[in-house]
Amino acid sequence: MINIQLPDGGVKNFDGSVSVLEVAKGISPGLAKAAIFAVVDGVERDLNYVIDHDANLKLLTDKDEAALAVIRHSTAHLLAQAVKQLYPAAQVTIGPVIENGFYYDFSFERPFTLDDLAKIEKKMEALVNLNLPVERKELPRNEAIKYFDQIGEKYKVEIISAIPEDQIISLYTQGDFTDLCRGPHVPSTSKLKAFKLTKLAGAYWRGDSNNEMLQRIYGTAWRSKEELNNYLNMLEEAEKRDHRKLGRQLDLFHLQDEAPGMVFWHAKGWAIWQEVEQYIRKMYVKYGYQEVKTPQIVDRSLWEKSGHWEKFHEDMFSLESDGRHYAIKPMNCPCHVQIFKHGLTSYRDLPIRMAEFGSCHRNEASGALHGLMRVRNFVQDDAHIFCMDEQIQSEVMLFIDMLFEVYHKFDLGADGIAVKLSTRPAKRIGAEEVWDKAEQALTDALNAKGLKWELLPGEGAFYGPKIEFEVKDCIGRSWTTGSIQLDFSMPERLGAEYIASDGSRQVPVMLHRAICGSLERFIAILIEHHMGNFPFWLAPIQFVLLNISEKQAGYTEVVYNKLKNFGFRCKLDLSNEKINYKIRENTLEKIPYLLIIGDKEVEANQVTVRQRDGLDLGAMSVDELINHVANVIQ
RNA sequence: GCCGGCGUAGCUCAGCAGGUAGAGCAGCUGACUUGUAAUCAGAAGGUCGAGGGUUCAAUUCCUUUCGCCGGCACCA
């Protein structure tokens, strides 16, 4: 007798072993039909998993969010099956679930084409219509290796060979196709009814650029056609926020062939930049930073001392002049250490927080460049904190406060920010106890601030652990903006010291930190986050003045000058167009306030205010308008 | 850097099985003097990313190269 406990508290009894599907049928035929997979005693199982003991059972259908991962995984198998049928010479490798979908990597004699993709998708649909049952079987590891060796799947053999010998390997078969997989899977290919192959790409085997490049096919899969369409529409909408697109439409900046990865900032983009920079500068004052400025080009010997030349010279732009070798700085830290070293520093002076809007050049790999997100010349809101060991945690906490104050100011919500702690890598310098202390300090600071964070073991730099703050762009790619990084190496290498309370000379700890990361990247994030509708204080143009006919041109200009003298960024549109046209054009420019002036306004010494979202605030005097925006800014 | 795709007017894009290109919008000129998301008309605008090759003829085919896009790798 087997008792099966259901989530609603009910219990089903069976005389002997029973499959999940049979249990489902016992509950209701509808449930059995809709079921995708099950959780038995906390473990995900297929529907034909046989329960032979008392157990808790939860059935999941396509109504459950959790079904998505299973559907996606099964769709990846479906893709592989289709590829094998169409191109038997292709070798299968891995096909995991990712956010919103899946991919599968194949080794094939030639790259797949878009035509292939269409064919493969058709084949997948045909396989769905065949309603192929998906069946699990288990083999001892060595037999699994033998099996894949026999069918010539050498990548699978390699994968299984890395699994301990005593393990049982599970395989899933649908029709003529068998794949190595942990499962669970949908019971039949007919459950896969909303998928689309989205892109082709190259990808290195095992993620290592020394290895062969495989053909990766990406796809998305959902529980219903409706869900799929919603996703595709969402993607289409999201692409409209792309900062590269908006940068052109709003005339903020451009990039051109002659200066790859370097930005030409137009007046409107630069207005945003100035606001951001000035705001960050205010924060420096508030949080006790000193601002400095250091040279753009520095003799190579400094980079040799700092170790950058050895490790990164391929990414550095260098030049020769009058027989001397120079490098354009790829970072500011060695220069800041030079300022720190000037004169004697007492422990009483610590912490010293030294900030610079430092323009850096890095010769990034051509394939890495991406709009403003990844450029070759960028300005970091960089700062280095020189402090004593015992000050690390409080400095990190202060930095976190500052970071969130800044992000809040720009309307970047904390829930959109991923916090990651990267700890000691295999290759590293510094004593274990120093790493212990440093990692503990970072962990404690994160926890003290009540942040949700993710641990990335082994991802730290060789010279210290770090915390990174990541935000996503319009289509979900993650970019690091803020970071704070401990450095046990550079102060010593470059001979930075302070006089301790006992009169001895000590090497300070150095924290590298940035909030925006680079102003370029940060502004790109702002553009996408606000969809170009910048808050009033950031908007490149804050007011546009529109006269209805030539008659009001004089008065319109007076108001324009008045607002300009108050320091607002204004545009005067006296163009000889209908007011409808002018409203449309300036609304598309995403100017926060459109001030409309006709005879009525001239007479009453007012302006009629229309917001860019179409809301009509009615007529008011200029003073009232200024009051209004002051309230908006707070 | 690697794999694939792309590069035509300021922008968005069409075209060409090889016979030196076309639209809309913007810009320019003119008319209209306008009340809350596109007034009408006219003229103009391009060494089809760059170099080389094949050909009587190349924007179209081949090749090299640069840049961009999507991934991968990288991201101190």
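All values below come from the heavy atoms of this structure, side chains included, with hydrogens, waters and symmetry mates left out.
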Once you apply a heavy-atom cut-off of 4.0 Å, does [X] come out as touching a base, just sugar-phosphate, or nothing?
X: A/I583; answer: base
X: A/R244; answer: sugar-phosphate
X: A/R610; answer: base
X: A/A461; answer: nothing
X: A/K578; answer: base
X: A/L588; answer: base
X: A/G614; answer: nothing
X: A/D599; answer: base
X: A/R374; answer: base
X: A/Y204; answer: base
X: A/E258; answer: nothing
X: A/S209; answer: sugar-phosphate

What I want to find out is whether A/E158 reaches A/K154 closely enough, with some N-O distance under 4.0 Å, to be called a salt bridge.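 A/K154 and A/E158: not salt-bridged.
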
Quiz item: cation-pi between A/R72 and A/W222, 6.0 Å / 45°: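 Relative to the ring axis of A/W222, which defines the angle, A/R72 lies inside both limits.
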
When you measure from the centre of the six-membered ring of A/Y103, is the NZ or CZ of A/R216 closer than 6.0 Å and no more than 45° off the axis?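 Satisfied, under 6.0 Å and within 45°.
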
Stem list, RNA chain B (Watson-Crick or G-U pairing under 3.5 Å, at least 3 consecutive pairs):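 RNA chain B stems, ordered by first number: B:1-7 with B:66-72, B:10-13 with B:22-25, B:28-31 with B:39-42, B:49-53 with B:61-65.
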
Using atom CZ of A/R612 as one end and atom P of B/U36 as the other, report the distance to the nearest whole Å.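 My rounded result for the distance is 22 Å.
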
Interatomic distance, A/I94 CD1 vs B/G71 C1' [rounded to whole Å]: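 Rounded to whole Å, this separation is 14 Å.
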
List in chain and number order the residues that pass side chain to side chain contact (heavy atoms under 4.5 Å, CB included) with A/H529, two or more places apart in sequence or in another chain; answer none if no residue qualifies.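 Result, side chain to side chain contact (heavy atoms under 4.5 Å, CB included) vs A/H529: A/D411, A/L412.
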
Pair A/Y218 and A/Y104, ring centroids less than 6.0 Å apart: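 Here the rings of A/Y104 and A/Y218 have centres that are no less than 6.0 Å from each other.
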
Is the A/H266-A/H254 ring centre distance short of 6.0 angstrom?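 Ring centres of A/H254 and A/H266 closer than 6.0 Å.
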
Strand contacts (RNA chain B) in residues 103-118 of chain A, 4.0 angstrom heavy-atom criterion: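 A/P111, in order of number.
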
More than 12 foreign heavy atoms under 6.0 Å from CD of A/Q91: is that the case here?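 Atom CD in A/Q91 is crowded, with more than 12 foreign heavy atoms closer than 6.0 Å.
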
